[in-house]
J.: 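This structure is in structure tokens; I'll ask about it shortly.
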Amino acid sequence: MRIPIEKPVLVTSALPYVNGECHIGHLRTYVPADIYVRMLRKMGYDVIFIGGSDTHGTPIVLSAEAQGITPEEVVEKYHKHFKRTFQALSVNFDYYGRTDSESNHRRTTEIVKKLIENGYVHKEETKQAFCSTCGRFLPDRYVEGKCPYCGAVARGDECDQGCGKHLEPGEIIEPKCKICGNEADFKQQEHFFFKLSSFADFLISYLDKLGGTRNARNYALEWTKKELRDWCITRALEWGVKFPGRDDLVVYVWVDAPIGYISSTEELLGGRGGGGEDEWMKYWKGNKATIVHFIGTDIIYHHCIFWPAMLKGAGYSLPDAVVASGMVKINGGTFSKSRGNVVWVKEFLERFHPDTLRYYLVAQSSHTKELNFSWDSFSMRVNNELVAILGNLVHRVISFAYKNFGVVPEGNIDEDVFAAIARTKEEETRAVDEYEFKKLVDSAMKLADFGNSFFQREEPWHLIKKGDAGRERCGEIVKNVLQLIKAVCIGLEAVMPAKMEEVWSQLGMESDVHSVKLDEMMTPIQSGQPLKKPKRLFDRVEL
RNA sequence: GCCGGGGUGGCCUAGUUGGUUAGGGCGCUGCACUCAUAAUGCAGAGGUCACGGGUCCGAACCCCGUCCCCGGCACCA
């Protein structure tokens with residue numbers, strides 16, 4: 001689906017939970033989001049790109065305790081880490097915020113109050129596991145015991161290894177705290193619930209029109225067919241956004257996390273432009289903008305069910321599209337830190353150029369499908385595609401041209417060449433509309449292939465030795481292939497911004513490759529423009 | 001169990017409304033080329049599209065049944 005060109009666009013990328021380092025699984029969402037934003041800008045859209053760190057919740061509190069530091073310090077450490085990682089990978093957010101910011105606390109409080117005012121929140125007494133050794137209430141994932149039905153080991157609210165039954169609070173036998181290993185018991189506690197059940201009809205019609213990838217919509221629609229249970233939106237915890245009027249409760253992280261999209265927009269636009277402090281409302285009130293969320297398939301529920309219901313209940317604009325990327329596997333297995341089945345981005349970048357990773361992440365599989373990372377497939381992509389097809393084309397042609405002409409030679413661009421470029425431009429545009437980033441790179445690489453084939457067929461290295469006429473025809477061939485390189489470069493800038501900047505410079509282009517529009521693929525390269533001495537683009541990967 | 005996504009030559013994979021010899025990549029074989037990072041180009045071998053039935057002039061694609069793989073099943077970031 002093509003989004004309307006007249007409206008401003010807000011693209012967000014899921015907020016990383018900052019209690020550990022960035023691994024390549026995270027990037028499956030951030031890199032395509034960045035590529036999408038770059039492509040939209042090339043296509044003439046007015047876009048802002050928002051991201052941020054998710055900073056609240058029990059895991060961060062526990063992580064802090066384990067390290068003997070405060071939650072603030074944990075958050076600070078990994079927030080910086082993620083921010084630096086994104087910079088290193090050219091994932092250029094217009095604003096990268098955090099959910100523990102003053103403005104997010106304020107916006108979350110405002111929205112929760114609005115939900116209460118509108119009658120969407122109610123109080124309930126529930127049983128909650130409590131560990132007296134740790135002195136805290138335990139979320140389900142930290143409770144372990146026996147299933148009352150089959151006797152198997154059960155966790156929290158589900159008998160996950162036995163009969164699979166859902167367990168009501170208090171049902172589990174011999175509950176233990178997974179943090180300290182001691183016995184836990186259940187206490188009565190007052191909690192607040194969001195009336196998700198009253199949004200069922202709204203969600204069905206909303207999801208029906210929701211753009212983005214099919215997997216997100218299908219999953220979410222499936223849930224709406226079942227009974228929607230009300231959400232418990234409070235936790236007995238210190239670290240978080242206080243529930244209005246209650247000092248002992250904070251809101252559940254999935255309330256304040258997505259609100260981070262709004263508060264980050266506020267922080268970005270707060271003091272900007274003629275719109276004054278309310279500039280952000282253009283994006284979040286009255287459906288005046290297009291909102292696109294990039295997420296992983298693991299959080300579809302929160303973005304397609306819970307979040308739109310909250311926005312609707314509090315009177316905010318609704319997301320127009322949710323783009324969900326498939327999960328990353330490593331060597332065919334699930335991600336596991338303990339088993340060492342993990343690839344850390346930091347270590348990756350010590351060995352390889354960030355653009356090779358950006359390329360791999362989108363070239364390896366279609367966006368909504370699972371991506372199975374292996375070093376073998378990585379080296380194959382780099383050596384057979386980036387080195388052999390793209391790097392080689394750029395290097396052989398610019399080397400030849402630089403040596404024999406020094407500038408872009410005179411000559412006309414062939415019809416065939418323009419036709420191939422036009423076709424590529426169309427394919428690339430369609431790929432963006434469909435959120436098929438693999439098709440984007442495949443299409444650009446096909447054009448590079450065409451360039452190699454064209455150069456080979458015309459044998460300019462023979463022509464150059466055949467007098468003035470030969471030299472003239474040779475120049476024309478070279479100009480044609482330089483035109484192809486220029487077009488390939490524009491399309492691939494979104495995928496490999498740093499590397500394409502190098503190519504752009506070798507071509508002797510004066511403009512900024514990052515702000516060039518897609519239409520320029522068809523603009524003839526200027527004859528007489530001085531070429532730069534070429535350097536290799538990519539090194540072969542030897543494992 | 002329920003729901004979703006898959007099962008296409010040795011391997012990975014395209015094929016969105018059914019239509020001429022099922023595309024591409026890796027690997028493999030042969031030839032050509034030397035501008036280029038032993039990179040490139042051209043040609044070739046290799047598939048009963050999981051299995052069984054059905055609809056149709058015609059099905060990888062639609063319907064029914066069977067088998068196998070993966071993921072989700074809610075308060076877990």
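To find a chain, count down the sequence lines: A is the first, B the second, and so on, and within it residues start at 1. Quick caveat: nothing in here was measured; it's all calculated off a predicted structure.
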J.: Now, which nucleotide makes the Watson-Crick or G-U wobble pair with B:G19, with each of the two distances under 3.5 Å?
T.: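 When the pairing criteria are applied, B:C57 turns out to be the nucleotide that pairs with B:G19.
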J.: Starting from the 5' end of RNA chain B, give me the residue, A:Asn384 or A:Ala388, whose nearest nucleotide shows up first.
T.: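 Its nucleotide being nearer the 5' end, the pick is A:Asn384.
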J.: Base contacts versus sugar-phosphate-only contacts with protein, heavy atoms under 4.0 Å: please encode nucleotides 2-17 of chain B as B, S and - from 5' to 3'.
T.: -S----------S---
J.: Rounded off to whole Å, could you give me the CE-to-C1' distance for the A:Met445 and B:C26 pair?
T.: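 Between C1' of B:C26 and CE of A:Met445: 14 Å.
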J.: Looking at A:Arg473 and A:Glu476, does any basic side-chain N land under 4.0 Å from a carboxylate oxygen?
T.: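 Salt bridge between A:Arg473 and A:Glu476, a charged N being under 4.0 Å from a carboxylate O: yes.
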J.: From A:Leu482 CG over to A:Gln506 CD, what is the distance, rounded to the nearest 0.5 angstrom?
T.: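 Output value for this atom pair is 11.0 Å.
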J.: Just call it for A:Asp376: base, sugar-phosphate, or nothing, with non-hydrogen atoms closer than 4.0 Å on any strand.
T.: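 The answer is nothing, as A:Asp376 stays clear of every strand by at least 4.0 Å.
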J.: Show every donor-acceptor pair shorter than 3.5 Å between a side-chain atom in residues 295-304 of chain A and any protein atom, with sequence neighbours excluded, or say none if there are none.
T.:
unit_1: A:Tyr301; atom_1: OH; unit_2: A:Trp231; atom_2: NE1; d: 2.8
unit_1: A:His303; atom_1: ND1; unit_2: A:Ile299; atom_2: O; d: 3.2
unit_1: A:His303; atom_1: NE2; unit_2: A:Tyr261; atom_2: OH; d: 2.8

J.: May I ask you to verify if any side-chain N or O of A:His462 is less than 4.0 angstrom from the OP1 or OP2 atom of B:U34?
T.: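 Checking B:U34 against A:His462, a side-chain N or O does come within under 4.0 Å of OP1 or OP2.
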J.: Is there a Watson-Crick or G-U wobble partner for B:C76 with both distances under 3.5 Å, and if so, which one is it?
T.: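 B:C76 is paired with nothing.
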J.: To the nearest Å, how far apart are A:Glu370 CD and B:G71 P?
T.: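 From A:Glu370 CD to B:G71 P: 7 Å.
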J.: Select base, sugar-phosphate, or nothing to describe what A:Tyr17 touches, counting heavy atoms under 4.0 Å on all strands.
T.: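 Contact class for A:Tyr17: base.
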J.: I want to check one thing: is the phosphate of B:C42, taken as OP1 and OP2, less than 4.0 Å away from some side-chain N or O of A:Arg457?
T.: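 No, outside the criterion.
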J.: Measure the CG-CG distance between A:Leu447 and A:Leu492 for me, rounded to the nearest 0.5 Å.
T.: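 If we round to the nearest 0.5 Å, A:Leu447:CG and A:Leu492:CG are 9.0 Å apart.
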J.: Could you check which of B:U37, B:G41, B:C70 has an atom nearest any side-chain atom of A:Arg540?
T.: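 Nearest to the side-chain atoms of A:Arg540, counting from C-beta on, is B:U37.
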J.: Send over the distance from A:Gln456 CD to B:C33 P, rounded to a whole Å.
T.: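 The distance from CD of A:Gln456 to P of B:C33 comes to 10 Å, rounded to the nearest Å.
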J.: Picking from A:Lys80, A:Arg98, A:Lys83, A:His79, what satisfies side chain to side chain donor-acceptor pair (under 3.5 Å) with A:Ser53?
T.: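 Answer after filtering A:Lys80, A:Arg98, A:Lys83, A:His79: A:His79.
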J.: With both distances kept under 3.5 Å, what pairs with B:G4, Watson-Crick or G-U wobble?
T.: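 Pair assignment: B:G4 / B:C70.
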J.: Please state how far atom CZ in A:Arg536 lies from atom C1' in B:A38, giving the value in whole angstrom units.
T.: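 After rounding, the gap between these two atoms is 12 Å.
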J.: Check the distance between B:C75's P and A:Leu237's CG and give it to me in whole angstrom.
T.: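 Rounded to whole Å, this separation is 17 Å.
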J.: Where the side chain of A:Arg235 is defined as all heavy atoms beyond and including C-beta, which of B:U37, B:G41, B:C76 is the nearest nucleotide?
T.: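 Looking only at side-chain atoms, A:Arg235 lies closest to B:C76.
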J.: Which nucleotide, B:A74, B:C35, B:G41, lies nearest any side-chain atom of A:Phe455?
T.: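 Out of B:A74, B:C35, B:G41, the nucleotide with an atom closest to A:Phe455's side chain is B:C35.
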J.: Which nucleotide, B:C26, B:C75, B:G41, lies nearest any side-chain atom of A:Met380?
T.: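 So the side chain of A:Met380 is nearest to B:C26.
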J.: How is A:Val253 classified with respect to the nucleic acid when contacts are heavy atoms under 4.0 Å: base, sugar-phosphate, or nothing?
T.: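 If one applies the 4.0 Å heavy-atom cut-off, A:Val253 turns out to touch the sugar-phosphate alone, with no base involved.
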J.: With respect to the side chain of A:Glu385, which nucleotide from B:G25, B:G41, B:A39 is positioned closest?
T.: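 Ranking B:G25, B:G41, B:A39 by closest atom to the A:Glu385 side chain puts B:G25 first.
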J.: Can you tell me how far apart CG (A:Asn480) and CZ (A:Phe455) are? Round to the nearest 0.5 Å.
T.: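 Interatomic distance, A:Asn480 CG to A:Phe455 CZ, rounded to 0.5 Å: 11.5 Å.
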J.: Choose from B:A74, B:C33, B:A39 the nucleotide whose nearest atom is closest to any side-chain atom of A:Glu459.
T.: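 Shortest atom-to-atom distance from the side chain points to B:C33.
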J.: Who does B:U40 pair with, Watson-Crick or G-U, both distances under 3.5 Å?
T.: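 Here B:U40 is engaged in a pair, and the nucleotide opposite it is B:A32.
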J.: Where the side chain of A:Asn452 is defined as all heavy atoms beyond and including C-beta, which of B:U37, B:U40, B:A74 is the nearest nucleotide?
T.: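 Within the option list, the nearest is B:U40.
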J.: Rounded to the nearest 0.5 Å, what's the gap from CD on A:Glu76 to CD on A:Glu72? Could you check?
T.: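 The distance works out to 10.0 Å.
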J.: So A:Leu537, base contact, sugar-phosphate only, or nothing? Heavy-atom distance under 4.0 Å.
T.: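 Here A:Leu537 touches the bases of the nucleic acid.
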J.: For A:Leu228 and B:C73, give me the distance from atom CG to atom C1', rounded to whole Å.
T.: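 Those two atoms, CG and C1', are 13 Å apart.
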J.: Quick check: do A:Tyr359 and A:Lys499 have side-chain heavy atoms less than 4.5 Å from each other?
T.: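 The answer is no, as the side chains (C-beta and beyond) never meet within the 4.5 Å cut-off.
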J.: What nucleotide among B:A74, B:C76, B:A36 has an atom nearest to a side-chain atom of A:His302?
T.: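 The answer is B:C76.
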J.: Taking the side chain of A:Trp231 as its heavy atoms from C-beta onward, which of B:A74, B:C33, B:G71 lies nearest to it?
T.: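 Of the options given, the side chain of A:Trp231 lies nearest B:A74.
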J.: Let me know the distance between OH of A:Tyr301 and C1' of B:G72, rounded to the nearest Å.
T.: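 In whole Å, B:G72 C1' and A:Tyr301 OH are 13 Å from each other.
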J.: Let me know the distance between CH2 of A:Trp254 and P of B:A74, rounded to the nearest Å.
T.: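 Interatomic distance, CH2 of A:Trp254 to P of B:A74: 16 Å.
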J.: Hey, which sits more toward the 5' end of RNA chain B by its nearest nucleotide, A:His26 or A:Val387?
T.: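 Looking at RNA chain B, the more 5' nearest nucleotide goes with A:Val387.
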J.: May I ask you to say what A:Lys403 touches in the nucleic acid, namely base, sugar-phosphate or nothing, with a heavy-atom cut-off under 4.0 Å?
T.: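 Sugar-phosphate: the residue A:Lys403, judged by heavy atoms under 4.0 Å, touches backbone atoms but no base.
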J.: Are more than 12 heavy atoms from other residues, nucleotides or ligands located less than 6.0 Å from atom NZ of A:Lys312?
T.: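 Atom NZ in A:Lys312 is not packed in, count stays at 12 or less.
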